[in-house]
Amino acid sequence: MTEKIIVVGCTHAGIAAVNEILKYRPQADVTVFERHDTISYLSCATYLTLGKTISNLDEAMYADPDYYRAQGIDMRLRHDVIDINVEEHTVFAQDLETKEFTTESFDKLSMATGSLTSIPTIQGVENPKVKLCKTYEEARDLCDEAQNDERIAIIGGGYIGVELAEGYNKSNHEVILFHKKETLLDRHIEPEIADKITNLLEDKGIQVKTGTIVKSFEDGADDTLIVKTADEAFEVDMAVICTGLLPQADLLQGKVDQLTNGAIVVNDYMETSNPDIFAAGDAASVKHNGLQTDVYMPLASQAVRQGGLAGINVLDKRLRSIGTQSTTGMLIFGRTLACSGVTLAMALDAGIKRY
Ligand SMILES: Cc1cc2nc3c(=O)[nH]c(=O)nc-3n(C[C@H](O)[C@H](O)[C@H](O)COP(=O)(O)OP(=O)(O)OC[C@H]3O[C@@H](n4cnc5c(N)ncnc54)[C@H](O)[C@@H]3O)c2cc1C
């Protein structure tokens with residue numbers, strides 16, 4: 001009997017899963033549901049395009065839906081999965097073009113629904129001059145706006161905010177980077193190294209406001225935006241929210257085990273607490289080898305690794321994950337920042353003793 005697999009979400013984790021299913025189970029009946037009309041967009045393309053490392057956003061796509069159709073995969077782009085009935089093994093989806101609904105059954109399901117930008121509760125955050133930067137559509141909007149806007153506020157000084165600050169600086173924009181913690185990249189590096197990154201950004205002319213909470217966004221005169229903190233106001237043309245990512249896993253809420261932030265808990269085979277459902281990438285947890293616990297770590301590198309494992313294991317469990325050391329790298333103004341493991345603060349928080 002041919003097994004039917006449904007993959008929900010087709011960016012890095014979804015594509016990696018489909019690639020491995022094609023390799024190991026080419027006869028499987030595979031249906032992919034993806035909300036967007038493109039697959040494989042790399043979110044880092046915004047700052048790479050702004051900084052002219054690549055010439056346009058489309059260069060950051062590496063997979064073509066027609067390739068998968070030619071391999072016999074039923075690729076349903078512009079289809080939104082609305083509900084998953086785990087008892088009946090069905091997925092309920094809407095075609096976003098025709099508005100028609102469809103129900104498909106599955107033997108095994110692979111969830112690769114990724115993440116959403118975590119939007120902070122700042123007054124005025126819904127202002128159209130306050131932008132997001134994850135999807136291809138959002139990135140196009142940012143790159144289009146960059147033609148007109150000169151002064152950019154970036155809210156959030158993690159990897160995404162710091163890299164975007166570099167991109168806008170390289171495209172001759174004035175940049176103010178706000179970060180509520182005392183040091184940039186605080187989830188990845190020690191304060192001494194963060195200070196060096198701050199100095200590097202400031203040397204290039206970027207204003208870095210650490211330990212600063214943005215309180216509101218308001219319309220200013222002449223189509224400007226006023227970004228207010230507790231004791232200052234900054235006039236800019238546009239703001240970009242870079243305050244982190246949240247798992248997009250509500251379709252399985254209450255149906256499988258989840259971390260407190262909603263990430264789907266997976267075992268070493270990417271299997272959830274329901275053996276017919278696998279999950280990978282930004283929608284899922286990952287085992288941190290240093291902390292010896294399941295954590296949430298939304299990274300494309302992780303999504304590809306986990307997605308591949310979900311594809312290999314979805315029909316029979318063959319290959320275990322080796323977990324993660326949380327290894328990341330960033331090129332910033334020609335300097336490389338590489339990190340692996342946990343910071344001292346994270347280790348102490350996790351109850352690891354200091355000797
Ligand atoms: C600006 C930016 C820069 C980044 N830079 C880096 C970097 O340099 N290195 C790195 O490792 N990581 C980076 N990341 C993180 C990286 O983008 C994510 O970790 C990665 O996209 C996760 O891939 P994914 O496939 O798990 O999820 P996503 O990329 O979130 O994809 C999920 C897919 O599922 C689809 N989907 C969701 N729900 C449904 C539904 N109900 N029905 C149908 N389809 C659905 C979505 O449309 C989407 O296509 C960056 C992120 C941002 C925002």
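Counting starts at 1 for both ligands and their atoms, following the listed order.
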| message | Please state which option from Gly9, Gly161, Ala13 has its nearest heavy atom closest to atom 25 (O) of ligand 1. | response | Ala13
| field | Within 6.0 angstrom of Glu100 CD, more than 12 heavy atoms from elsewhere | value | no
| request: For Arg140, look at atom CZ and say whether over 12 heavy atoms of other residues, nucleotides or ligands are found less than 6.0 Å away. | output: no
| message | Counting only heavy atoms closer than 4.0 Å, does ligand 1 sit against the backbone of Met330, its side chain, both, or neither? | response | neither
| said: I want to know if ligand 1 touches Ala280 in the polar sense, i.e. an N/O pair below 3.5 angstrom. | reply: no
| field | ligand 1-proximal atoms of Ala283, by part, heavy-atom distance under 4.0 Å | value | neither
| field | Where ligand 1 meets Leu251 - atom numbers and elements under 4.0 angstrom, heavy-atom basis | value | 41 (N)
| Residues clustering with Phe106 (ILVMFWY side chains joined when closer than 4.5 Å, directly or via others) | Ile6, Val8, Phe33, Val81, Ile84, Val86, Val91, Leu109, Met111, Leu251, Leu252, Val256, Ile264, Ile277
| Contact summary for Gly308 and Glu20, nearest pair of heavy atoms | O-CG, 3.3 Å
| Could any protein non-hydrogen atom be found less than 4.0 Å from atom 19 (O) of ligand 1? | yes
| said: Which of the numbered atoms in ligand 1 are under 4.0 angstrom from any heavy atom belonging to Ser301? | reply: 11 (O)
| Hey, is Thr113 touching ligand 1 through its side chain, its backbone, both or neither, going by heavy atoms under 4.0 Å? | both
| query | Going by distance only, is there an N or O of Gly281 that falls short of 3.5 Å from an N or O of ligand 1? | reply | no
| field | Minimum heavy-atom distance between Gly262 and Ala249, given as atom pair plus value | value | O-CB, 3.4 Å
| remark: ligand 1 to Ala112, heavy atom cutoff 4.0 Å, flagged ligand atoms 32 (C), 33 (C), 34 (O)
| task | Answer yes if Leu201 and Ile193 sit in the same cluster of Ile, Leu, Val, Met, Phe, Trp and Tyr residues linked by side chain heavy atoms under 4.5 Å apart, and no otherwise. | result | yes
| task | Identify which one of Asp83, Asp276, Asp250 satisfies the salt bridge (Lys or Arg N to Asp or Glu O under 4.0 Å) criterion when paired with Lys255. | result | Asp83
| request: Could you list the atoms of ligand 1 found under 4.0 angstrom from a heavy atom of Gly114? | output: 26 (O), 27 (O), 28 (P), 30 (O), 32 (C)
| task | Out of Gln248, Glu138, Lys134, indicate the one that has the non-hydrogen atom closest to atom 30 (O) of ligand 1. | result | Lys134
| query | What atoms of ligand 1 come closer than 4.0 angstrom to any heavy atom of Ile160? | reply | 1 (C), 2 (C), 3 (C), 51 (C), 52 (C), 53 (C)
| Contact between His79 and ligand 1, counting heavy atoms under 4.0 Å? | yes
| message | Between ligand 1 and Tyr47, can you find any atom pair, the residue atom being a heavy atom, that is separated by under 4.0 Å? | response | yes
| What protein heavy atom sits nearest atom 17 (O) of ligand 1, and how far away is it? | Ser43 OG, 3.5 Å
| What residues, two or more places apart in sequence or in another chain, satisfy side chain to side chain contact (heavy atoms under 4.5 Å, CB included) together with Thr328? | Tyr159, His188, Leu299, Cys339
| said: I'd like to know if the side chain of His36 pairs up with that of Thr38 as donor and acceptor (distance under 3.5 Å, no hydrogens or angles considered). | reply: no
| Distance from atom 44 (N) of ligand 1 to nearest protein heavy atom, with residue and atom | Arg35 N, 3.1 Å
| Of all the atoms in ligand 1, which lie at a distance below 4.0 Å from a heavy atom belonging to Pro298? | 15 (C), 19 (O)
| note | the protein heavy atom lying closest to atom 13 (C) of ligand 1 turns out to be Ala300 N, 4.2 Å
| Heavy atoms only: which of Leu164, Asp282, Thr38 is nearest to atom 26 (O) of ligand 1? | Asp282
| field | Protein heavy-atom partner closest to atom 47 (O) of ligand 1 - residue, atom, separation in Å | value | Glu34 OE2, 2.7 Å
| query | With atoms numbered from 1 as shown, which atoms in ligand 1 lie under 4.0 angstrom from a non-hydrogen atom of Cys133? | reply | 1 (C), 53 (C)
| remark: Honestly, for Ala303 the part within reach of ligand 1 (heavy atoms, under 4.0 Å) is side chain
| field | Least distance between heavy atoms, Ala233 atom then Lys228 atom | value | CB-CG, 4.0 Å
| query | When you look at Asn289 and Gln325, which way does the side-chain hydrogen bond (donor to acceptor under 3.5 Å, both in side chains) test go after all the steps? | reply | CA-CA 6 Å; Asn289 294 331; Gln325 269 73 248; 2.5 Å; yes
| Residue-ligand contact Thr46/ligand 1, heavy atom below 4.0 Å | no
| note | Nearest non-hydrogen protein atom to atom 21 (O) of ligand 1, with distance, is His12 CD2, 3.3 Å
| query | So does Glu190 have more than 12 non-hydrogen atoms from other groups sitting under 6.0 Å from CD? | reply | yes
| Identify the closest protein heavy atom to atom 5 (N) of ligand 1: which residue and atom is it, and at what distance? | Cys44 CB, 3.7 Å
| query | If you look at every heavy atom in Ala60 and Ile54, which pair is closest and at what distance? | reply | CB-CD1, 4.3 Å
| Protein contact of atom 41 (N) of ligand 1 - nearest heavy atom, named by residue and atom, plus distance | Val81 O, 3.0 Å
| field | Closest heavy-atom pair and its distance - Leu246, Tyr296 | value | C-OH, 3.7 Å
| request: Please examine the side chains of Glu163 and Thr46, heavy atoms only from C-beta on, and report whether any two atoms are closer than 4.5 Å. | output: no
| Shortest protein contact, atom 49 (O) of ligand 1 (heavy atom only) | Thr11 OG1, 2.6 Å
| message | Tell me the closest heavy-atom pair linking Met270 and Gln306, and the distance in Å. | response | CG-O, 3.5 Å
| query | Looking at His36, which atoms of ligand 1 are within less than 4.0 Å of one of its heavy atoms? | reply | 47 (O), 49 (O)
